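The structure appears below as structure tokens.
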Amino acid sequence: MTKQVQQLDRVIIRFAGDSGDGMQLTGDRFTAGTAEFGNDLSTLPNFPAEIRAPAGTLPGVSSFQLHFADHDILTPGDAPNVLVAMNPAALKANLPDLPRGADIIANIDEFTKRNLQKVGYATNPLEDDSLREWRVHAVALTSLTVKALEDFDLSKKDAERSKNMFALGLLSWLYHRPTEHTIKFLEQKFAKKPDIAKANIAAFQAGWNYGETTESFSVSYEVKPARLAPGVYRNISGNQALAYGLIAAGVQAKLPLFLGSYPITPASDILHELSRHKQFGVRTFQAEDEIAGVGAALGAAFGGALGVTTTSGPGVALKAETVGLAVTTELPLIIVDVQRAGPSTGMPTKTEQTDLLMAMFGRNGESPVPIVAPMSPSDCFDAAIEAARIAVKYRTPVMLLSDGYLANGSEPWRLPEVSELPDISQKFTTEPNGEDGAFLPYKRDSETLARPWAIPGTAGLEHRIGGIEKADGTGNISYDPNNHDLMVRTRAAKIAGIDVPELEVDDPDGDAKVLVIGWGSTYGPIAAAVRRIRNGGGKVAQAHLRHLNPLPANTGDVLKRYDKVLLPEINLGQLALLLRARYLVDVISYNRVRGLPFKAEELAGVIQDVIDSDQ
């Protein structure tokens, strides 16, 4: 029969199942096909911290949400149009997010009495009419997969593992996704196990054929490619983009890149990615602990490399003493903090913005450091280069605050031309800079206040290094009170004087009375919410901070230009505290700490309430 093809401008799909069902792989492959097709997209992986959480339970549910469209989008979407539920736990965990009228594709084979009881279902929701407000498609994903693979020499259990590929094939047919990319991926992934590769490809193709031939799906959907700016694009996650940005920074700084790191969720992928690129002068060192990782990175910086360490919140706490050492020795060092929900171990795979105050003040003594925060997965590339620019130019450690949402999420990224990348190179000191051939390691550049960077072993440039206070100029150990006051103030002045761009404000008509300001990963939800308010005829301005220390010079003027300033944060008001203290502006905080990014609809309602209260 001829099936109807319906045009859509956007779709939000969520794959959900056990953490062992391959939902992240399924979502990633669907995303890759979508990127290849040319849609704009944004993703939200969401998975348990346990490697293999209890099967069939609510804590064990893993999901992957993908929003793709024929136009520019900013978030992974508030609520899915389609939920693929591989078992009762996946259905129950995700049903509250599903709007009425959405599609549910449920693996009926897993809705057994035992699995239903595990999550508290007294009766089967696929049969008791409790899902009448949704469009339910009960598909025997497991048994159909086993049937499709009966000619392969696989056990029933091994054949069942390919059910995620059957589901991927079905969804690829349903939304006209290209199949060649997935087939090629499976051939490469299982190149050493060709029988497994063939089985997964067969399951994938069986899912596609099921959609084409069954009467369960009479309509398929088409989302045309988005109109993006000309260029070469690829899909990229925040951690990948950050790794590539660090590589580019090393090249543009004309320095070898050294990463000293200890694995920690959700930052480990940066270590994994950088370890693949030795041809660009990258050296990676997996240390025995967080302290050793940052110590090695600082040692590499002393030796003339671009030193980097990557971690998450608990690791930043352990690295604090060495970051303080980098402050007082005034060496370039990048500390990447991919923030996660805390305190302590917290929720390792969930996102938060709760490390800002730790980045600002989490060291003993007066030890200010610059802070840079990317606003999207692809922006992690540019933020890494900016962090390196500041570190090298001003001889200072720099905190780069990403988070789990950015790290694991993905979006299209236009590959920059090499000519577009900034030259951030700095010259090492090679000659004495004092009288009578003396070397003064703390004689400063008059513009940046940066001290010389002298490579160990350079004849005539021998100097002391260490954590005890230095004498101005000579770098000798000093306990002089006035010298300490001078050095503390000088280091602070160096950070305060870093050149950062002015804060830009998006205020189309220039007559908005409410400003929404944000930092880091809240950019997408805030911008999407602002777009909704404006589409409804409301007037609101938006600004977003990339540089959090020092803040742009015009920040105070921007804040005081508006009657009300709203600041959404995924913490309990950390940036709001800083802005109120510095600029004496009564910033309105909106805070949620659920381990999830904001929803655009939620923020649009908050913005509208603030607008209404100002009238």
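Just so you know, these numbers come straight off a predicted model, no measurement behind them. Numbers here simply count residues along the sequence, with the first being 1.
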Side chain to side chain contact (heavy atoms under 4.5 Å, CB included) with L566: which of L603, I588, V587, V540? I588
salt_bridge(D379, R546) N-O dist < 4.0 Å: yes
For D436, what residues pass the side-chain hydrogen bond (donor to acceptor under 3.5 Å, both in side chains) criterion, not counting sequence neighbours? none
Only pairs at least two apart or in different chains count here, so list each side-chain hydrogen bond (donor to acceptor under 3.5 Å, both in side chains) that has a residue in residues 272-288. Y244-E273, D269-H272, E273-R276, E273-H277
Donor-acceptor pairs are to be reported for all side-chain atoms of residues 248-260 against protein atoms at under 3.5 Å, with residues two or more places apart or in another chain.
residue	atom	partner	partner atom	Å
Q252	NE2	L421	O	3.4
Q252	NE2	P422	O	2.9

Check side-chain hydrogen bond (donor to acceptor under 3.5 Å, both in side chains) between S237 and all other residues, then give those that pass, not counting sequence neighbours. Q240
Pairs in or reaching into residues 398-435: which pass ring-ring contact (aromatic ring centres under 6.0 Å, His included), with residues at least two apart or in two chains? F381-W413, F428-W453
Here the side-chain hydrogen bond (donor to acceptor under 3.5 Å, both in side chains) pairs for residues 294-311, sequence neighbours left out, are S261-T310, E290-T311, T309-K319
Residues two or more places apart in sequence or in another chain: which of them pass side-chain hydrogen bond (donor to acceptor under 3.5 Å, both in side chains) with T448? D445
Write out all pairs satisfying ring-ring contact (aromatic ring centres under 6.0 Å, His included) with one or both partners inside residues 311-330, taking only residues at least two apart or from two chains. none
Show every side-chain hydrogen bond (donor to acceptor under 3.5 Å, both in side chains) that has at least one partner inside residues 495-505, sequence neighbours left out. R389-D499, Y394-D499
Please list all pairs meeting salt bridge (charged side-chain N to carboxylate O under 4.0 Å, His left out) that have one or both residues in residues 341-357, counting only residues at least two apart or in different chains. none
By the salt bridge (charged side-chain N to carboxylate O under 4.0 Å, His left out) test, which pairs, at least two apart or in different chains, include something from residues 447-470? E469-R491
I need the full list of ring-ring contact (aromatic ring centres under 6.0 Å, His included) pairs touching residues 460-496, with sequence neighbours left out, sorted by first then second residue. F439-H463
